Number of protein chains: 2
Amino acid sequence: MHSEIKYWFLRDHKLFRVLSNDQLKQLCVITGFKEGKKGDIIYFSDSKEPRIYFLKKGAIKISEVDVNGNEITKEIIQKGDLFGELSLDTTIANNEFAQVLTNSVTICSFLLKDFEALMEQHPDLALSYTKLVGLKFKKLKNSYSNLVFKDARSRLIQFLKDWAARDGNETLDAIVIENYLTQQDIAHIICTTRQTATQLLNQLETEGHLKYDRKELVLDKQFVLQN
Amino acid sequence: MHSEIKYWFLRDHKLFRVLSNDQLKQLCVITGFKEGKKGDIIYFSDSKEPRIYFLKKGAIKISEVDVNGNEITKEIIQKGDLFGELSLDTTIANNEFAQVLTNSVTICSFLLKDFEALMEQHPDLALSYTKLVGLKFKKLKNSYSNLVFKDARSRLIQFLKDWAARDGNETLDAIVIENYLTQQDIAHIICTTRQTATQLLNQLETEGHLKYDRKELVLDKQFVLQN
DNA sequence: CATATAATGTCGGGTAAATGACAAAACCCC
DNA sequence: GGGGTTTTGTCATTTACCCGACATTATATG
């Protein structure tokens, strides 16, 4: 494959717009490509050679499992987003892993040190990247607050709204989302049990706010817009 | 005051080591100095002129209060640490504020945009800064996991260990911490109520693991080291 | 030193959500 | 299309923790 074809898509990411074609090519020389299918686990915590990953296609979750097997999902990564050792810190492993949610994904990755080197040469890139990490930081802060201040129902509603904003297709009076999450997945995201998530989803369905099935999720537009 | 005297202490921070004396001076021209006493509120996240703050002396907490008046403390900032609009993002509001915990503090601050400008000129600085934010990100991830996976007692113990590591003075068989936190403060940090925090502290005291009073906290060394 | 204010101690009742257990439905694939 | 597997639905029980209420003790302040 010509590297021209390989790396064109990085242009889609705001982060890389500041780079010249040559610099993109430079990064792509050190790029690894990878396809994945639903359920695949992409490890990065334990890796000797820390990497930054770019998700070209699909969706994955960043999760952690504790000693008792309980899982929480800290973040959903969508097409065009970055994940991996984003904190540029290679020290402590923290039990995180990435798992594919959609039927298939395409991932591109580069070595952390190469990326760092590129940032050294390119302050614009460094600054954009700093903002990207900062934004993720802020989002997590928000999840943390929600977890403490709000009950499971509110957290579910908040998540559904976020999901709709990210992934939804607007119709006349509804927002339709192609559903790649099980109720168990949703439970992990909003930090509750599968049973509670199921009950709450059915409750919202009974109230006429949404229609959930394994293929798609249809949200009432009123419901999404109102606070 | 000569700016030479004013800014020397920034040298203590790893972040600023990459800057030349001239650049430090440049930052210091735009620097505001401030003293504060216990209870003072230093900063609101909705400020018109977003700033980065450097804590020269003392300790402060970064908290958020929700509509019902419930408070959580997301972070304790110690001498030598940064706080403020660290995510470099001013779009999303998050109701954070910083409040002084110790009897007095000394703070230095600069405007976000000036700091950004400096990073543009200095990729090294941007890189170090990203690592700093990345570390905070990682710590928050850890708090998030703890909140979901562990009960209040475990979270309290974890916090006490962290506190001891940051602030403790080792004696023969104990670790002594000068106490600037009320039980209410501690409750906010571990995300529980004041009553629960009180009960748990007394429980740990009964078990012989610690001695808490308003002046100091003495932790049994065994207790801190184990697990 | 007296009094107000803040911080700590204690308890019982209430509740959101976890837990465990099982059934039904949907989906996969041989 | 049939058998296994995954996902969803439902319920009864339990529990950690919140909430309110009040007493007690420590600290600040005039």
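These numbers come from a predicted model, not from an experiment. What you see below is based on every heavy atom in this structure, not just the backbone, and it leaves out hydrogens, waters and symmetry mates. Convention: sequence-line order gives letters A, B, ...; per-chain numbering from 1.
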>> Nearest to the Thr192(B) side chain among dA21(D), dC18(D), dA17(C), which nucleotide is it?
In response: dC18(D)
> Once you round it to whole Å, what is the distance between P of dC17(D) and CD of Gln203(B)?
Replying inline: 10 Å
> Can you check the Glu71(A) CD to dA18(C) C1' distance for me, whole Å?
Replying inline: 17 Å
> Looking only at N and O atoms, is any donor in the side chain of Gln199(A) or the base of dG9(D) less than 3.5 Å from an acceptor on the other one?
Replying inline: no
> Which one, dA17(C), dC17(D), dT19(C), comes nearest to the side chain of Gln195(A)?
Replying inline: dT19(C)
> Pick one: which of Asn103(A), Leu101(A), Ile107(A) meets side chain to side chain contact (heavy atoms under 4.5 Å, CB included) with Val105(A)?
Replying inline: Ile107(A)
> Quick one: on DNA chain D, does Leu201(A) or Thr196(B) contact a more 5' nucleotide (nearest heavy atom)?
Replying inline: Leu201(A)
>> Just the rounded figure in Å: distance from P of dG9(C) to CD of Glu205(B).
In response: 8 Å
> Can you list, by residue number, the residues of residues 180-187 of chain A that have a non-hydrogen atom closer than 4.0 angstrom to DNA chain D?
Replying inline: Thr182(A), Gln183(A)
> Taking atom CD of Gln222(B) and atom CG of Asp173(B), what is their separation to the nearest 0.5 Å?
Replying inline: 9.0 Å
>> Looking only at side-chain N and O atoms, does Thr182(A) offer a donor or acceptor that is under 3.5 Å from a partner on Asp185(A)?
In response: yes
> Can you tell me how far C1' of dA16(C) sits from CZ of Phe149(A), to the nearest Å?
Replying inline: 18 Å
> Got a second to check how far Ile189(B)'s CD1 is from Ile72(B)'s CD1, nearest 0.5 Å?
Replying inline: 11.5 Å
> Between Glu216(B) (CD) and dA26(D) (P), how many Å, whole number?
Replying inline: 16 Å
> So, is Thr198(B) close to the dT10(C) phosphate, meaning a side-chain N or O under 4.0 Å from OP1 or OP2?
Replying inline: no
> OG1 of Thr102(A) to CG of Leu181(A): how many Å apart, nearest 0.5 Å?
Replying inline: 10.0 Å
> Hey, is the side chain of Thr193(A) poking within less than 4.0 Å of OP1 or OP2 on dA18(C), counting only N and O atoms?
Replying inline: yes
> Any side-chain donor-acceptor pair under 3.5 Å between Gln78(A) and Asp167(A)?
Replying inline: yes
> Rounding to a whole Å, what distance do you find between Tyr212(A):OH and dG9(D):C1'?
Replying inline: 13 Å
> With respect to the phosphate group of dT8(C), does any side-chain polar atom (N or O) of Asn202(B) fall under 4.0 Å of OP1 or OP2?
Replying inline: no
>> Does the plane of the ring in Phe137(A) sit parallel, tilted or perpendicular to the ring in Phe137(B)? Use 30° and 60° as the thresholds.
In response: perpendicular
> Measuring from Asp220(B):CG to Leu225(B):CG, what's the distance to the nearest 0.5 Å?
Replying inline: 9.0 Å
> When rounded to the nearest 0.5 angstrom, what distance separates CD1 in Ile42(A) from CZ in Phe83(A)?
Replying inline: 4.5 Å
>> Both Asp213(A) and Arg155(A) contact DNA chain C. Which one's nearest nucleotide lies toward the 5' end?
In response: Arg155(A)
>> Does dA26(C) have its OP1 or OP2 closer than 4.0 Å to a side-chain nitrogen or oxygen of Lys215(A)?
In response: no
>> Expressed as a whole number of angstroms, how long is the span from Arg214(A):CZ to dC27(C):C1'?
In response: 6 Å
> Between the two end axes of the helix from dC1(C)-dG30(D) to dC30(C)-dG1(D), each built from 5 base pairs, what angle do you get to the nearest 10°?
Replying inline: 50°
> For the pair made of CG in Leu147(A) and C1' in dA17(C), what is the distance, rounded to whole Å?
Replying inline: 13 Å
>> Quick check for you: to the nearest 0.5 Å, what is the distance between Lys61(B) atom NZ and Thr73(B) atom OG1?
In response: 4.5 Å
